[in-house]
Amino acid sequence: MTYFFEIYGCQMNIAEAAALRLVCGGRGWTEAARAEDADLVLLHTCSVRATAEQRVLGRLGQYAALKKKRRAGGGRFALVLSGCMAARMGGELKKEFPAIDYLMGPRERELFPRILEAEEGSFSAGNFPAGSGEAPSAEKPVFSFASSHLEEGQFRSFIPIMHGCDNFCSYCIVPYVRGREVSRSPASILEEIRLLASRGVREITLLGQNVNSYRRDGTGFPELLGLVAGELARQGGTIGWARFLSSHPKDLSLGAIEVMAANPCFCRHLHLCVQHGSNRILAAMNRRYTREDYLGLVSRLREAMPGITLSTDILVGFPGETEDDLEETLALMEQVQFLYAYMYHYNPREGTSAYKFEGRISGELKRARLARVIALQKKHTASLLKSRIGCTGTALIEGISRKNADELVGRTERDEMLVLPGPASLIGSFVTVKFSSLSGNTLRGTLV
Ligand code: SF4
């Protein structure tokens, strides 16, 4: 039997899809190169942005047509809608697109082996206890973590450490679809690290909607970082370095910064979402920190780890945003000098508190403001990368360049993209590189 996954959204979805692939592989299913050739298609969806949802709606129409054609020819075809859209609107979608065979919300992953079983013909799909597609209840924060999230042939892996979010930023749908925070046990995280080390993995990323609020069995995030560093040391350097994502400025503690600084296995890069530079807008977003708090954290990080790079998310055009608010965001960007940023403009999401806020900004103005933010960020990225020319750094070689088969691509511990000439045998190795020039947003270098 064959499967095909179409994945939308964040790194958590990518990690979860890797775990689902392992379930398929474990049952003897193989991955099809195209949806048209698969017995089962899984759409792993995202509800964060309306555009991602709209794309999935379009795809559902196409898959409904494909299913009709396959069934008419006597073939089989099952369609699974999983992830955030299944939780947020699965019931409605199933009515609109009866071609959907199964719904599986973010907390219903344990249904997946039963879906495969049903498709293998072990029991009738008609009797299948399909996922409710309902948002999980706040009282029952149930989530089971898979034991491995390693994509076949990869030497980097995500390790989900927590799931869900309690923050309720006023623009964000995540807490409603993924539910309350649930942390994974430290023992199972360390077990996954050992498994990954035995498979030759070189880089891990601890993953969660809000990793800094990790807490389980009396272990908070700083203690977890200490345990992870200890385990990596025990593995004798097999897994060379670790990253973590996403950090919330209100929860990133000085303790976590200290542990990070004391253990060089943690890369000197941090993605710290600021979202906005105006205190008034940060309060309306319910971010629960001020620009001063954020800048204070940046100073602490840079004192503790000189040379650390920072990246961020920036959301412009929030209801009520004025020109002055935007200027404050641009000024904060000037001050911090982010290496890169994910920049987007606000789009109302039904079901969030900001949906009812007055003072919506017109589409034209939102796009114009976003363009100013993007232009400034481009300038900062170019200037930070240029300042690295002539320096040396450590990088993990990730693969062969798509543009030139004689060149390798990699990423430095500061999260800079890199191209350099070298043999394919270096893929998966840590190398020291001298940076010689800049090509777009990619550093070029040579092996030292
Ligand atoms: S911290 Fe805020 S933006 Fe991030 S997932 Fe939670 S509610 Fe959404």
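Every number for a ligand or one of its atoms is a count from 1 in the order of the listing.
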> Does NZ or CZ of Arg360 lie under 6.0 Å from the centre of the six-membered ring of Phe357, at an angle within 45° of the ring axis?
Replying inline: no
> Between Arg411 and Glu203, is there a salt bridge with N-O shorter than 4.0 Å?
Replying inline: yes
>> If the cut-off is 4.0 Å to any non-hydrogen atom of Arg287, which atoms of ligand 1 fall inside it?
In response: 2 (Fe), 3 (S)
> Any N/O/S of Cys169 under 2.8 Å from atom 2 (Fe) of ligand 1?
Replying inline: yes
>> Could you tell me, atom by atom, which parts of ligand 1 come under 4.0 Å of a heavy atom of Val174?
In response: 5 (S)
> atom 1 (S) of ligand 1: which protein heavy atom is closest, and how many Å away?
Replying inline: Asn167 ND2, 3.4 Å
>> Which of the numbered atoms in ligand 1 are under 4.0 angstrom from any heavy atom belonging to Pro175?
In response: 7 (S)
> Is the shortest distance from a Lys or Arg side-chain nitrogen in Arg234 or Glu231 to a carboxylate oxygen in the other one below 4.0 Å?
Replying inline: yes
> Between Arg349 (side chain) and Ser47 (backbone), is there a donor-acceptor pair under 3.5 Å?
Replying inline: yes
> Of the backbone atoms (N, CA, C, O) and the side-chain heavy atoms from C-beta on, which set of Cys273 has a member under 4.0 Å from an atom of ligand 1: side chain, backbone, both, or neither?
Replying inline: neither
> Taking 4.0 angstrom as the limit, do Asp415 and Arg243 come out as a salt bridge?
Replying inline: yes
> Hey, is Tyr171 touching ligand 1 through its side chain, its backbone, both or neither, going by heavy atoms under 4.0 Å?
Replying inline: side chain
>> Please determine whether a side-chain nitrogen of the Lys or Arg among Arg215 and Glu181 lies less than 4.0 Å from a carboxylate oxygen of the Asp or Glu.
In response: no
> For ligand 1, which atoms sit closer than 4.0 Å to a heavy atom of His248?
Replying inline: 1 (S)
> Do Leu232 and Phe266 come close enough that some side-chain heavy atom pair is under 4.5 Å?
Replying inline: no
> Which residue supplies the protein heavy atom nearest to atom 6 (Fe) of ligand 1, what is that atom called, and how far is it?
Replying inline: Cys165 SG, 2.2 Å
> Which option, Gln209, Glu181, Lys250, owns the non-hydrogen atom nearest atom 4 (Fe) of ligand 1?
Replying inline: Gln209
>> Under 2.8 Å from atom 6 (Fe) of ligand 1 - does any N, O or S atom of Cys172 fall there?
In response: no
>> Which of the numbered atoms in ligand 1 are under 4.0 angstrom from any heavy atom belonging to Phe168?
In response: 7 (S)
> Ignoring hydrogens and geometry, is there a side-chain-to-backbone donor-acceptor pair from Arg291 to Gly277 under 3.5 Å?
Replying inline: yes
